[in-house]
Amino acid sequence: MTTAIGVVIADHILTGRLKDQRLTGKLLRYPSDPEAMHELDAIPDSELIQIIAGHIDVLIGAAARDCAQKADAIGVAVPGVVRSGVVEESPNLKQLKGMRLTEKLAEALERHGITAPVHVANDADAIAAGVAATRGRLDKLTRVWTIGNGIGYGRWPCTDGVWEGGHITVTLDPKERFCGCGGAGHLEGIMGHRAMRMRFLDLEPDEVFANAKLGDARCREFVDLWHRALAAATASFIHLAGPGRFYFTGSNVGFLDLPLLRSHLETMVRMSPLQSFSLEILPPDDETAIIGAGVSALRALAE
Ligand SMILES: [Zn+2]
């Protein structure tokens with residue numbers, strides 16, 4: 001039997017315990033009030049580490065009472081570019097940029113008497129790992145788009161590289177400059193929540209999609225562009241790594257019209273061996289990422 005702890009850092013922190021790759025017991029949440037969002041970016045990095053270490057301590061204590069089992073591994077999912085345990089870039093949690101998260105958390109855990117190895121993964125990669133684990137697909141290539149404030153691209157199995165799929169260039173139009181990273185023509189500059197608010201200063205993103213349904217020409221044109229951009233990025237990954245299954249999730253996945261996306265993709269992917277792709281929407285939930293964080297950490301032990 002394996003026991004792992006999974007931690008997800010998003011606009012809140014969630015920590016859960018996995019027994020044999022399944023969540024068991026209750027999740028711990030910070031801030032405990034789900035309404036108190038956007039609080040995390042104001043908390044210093046050292047304090048965030050203390051909060052996470054404290055939650056892990058509570059769950060490992062519960063595990064020890066439950067089955068006299070220590071945790072085998074601790075996995076943390078965090079938004080941004082993560083390499084070798086270092087958060088190289090984290091646009092939405094700026095205090096994490098440059099942080100040696102694996103090292104800092106391991107040090108904090110040691111003060112709690114916990115020595116289990118810590119593994120840090122990108123949040124979209126953790127969702128891909130969680131999807132693969134919960135569907136018994138750990139031996140297959142699983143790709144996930146997370147559609148929210150930013151656009152994330154996650155893949156399982158983990159491979160070395162940056163994989164910032166949300167910043168793939170999908171247009172050569174020099175006017176397309178709404179991406180949070182400052183890059184021109186990026187997918188996130190079209191699809192990201194913040195980017196849509198900058199484009200439509202007079203409308204919220206949900207109003208844009210609602211108006212498009214009512215026939216407003218400007219909004220319809222944009223909704224089509226939004227789907228074509230996602231189709232273009234997905235087509236690029238099909239042309240690089242092959243067809244297979246793509247999952248779509250995130251806080252704005254409700255905007256996604258799968259038949260419209262498919263119709264654009266079919267115009268972009270014309271080589272017959274590449275046309276066996278499948279597309280599936282997953283309702284957003286935190287548990288998949290927690291499971292994925294834990295599973296990735298357990299897999300990293302074996303490597
Ligand atoms: Zn960008």
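Values below: all heavy atoms of this structure, side chains included; hydrogens, waters and symmetry mates excluded. Counting starts at 1 for both ligands and their atoms, following the listed order.
- Among pairs with a residue in residues 192-214, those fulfilling salt bridge (Lys or Arg N to Asp or Glu O under 4.0 Å) read E176-R199, R197-E204, D202-R218, at least two apart in sequence or across chains.
- Listed by chain and number, the protein N, O or S atoms at a distance under 2.8 Å from the Zn ion (ligand 1) are H167 ND1, C179 SG, C181 SG, H186 ND1.
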Check step by step if ring-ring contact (aromatic ring centres under 6.0 Å, His included) holds for W145 and Y153.
CA-CA 5 Å; W145 286 109; Y153 175 78; 4.9 Å; yes

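- In this structure, R228 and L230 have side chains that are not in contact, with every pair of non-hydrogen atoms separated by 4.5 Å or more.
- R262 and E266 are joined by a salt bridge, as a carboxylate oxygen and a charged side-chain nitrogen come within less than 4.0 angstrom of each other.
- Salt bridge present: D173 and K175 bring a charged side-chain N and a carboxylate O closer than 4.0 Å.
- Looking at E280 and R135, a side-chain N of the basic residue comes within less than 4.0 Å of a carboxylate O on the acidic one, giving a salt bridge.
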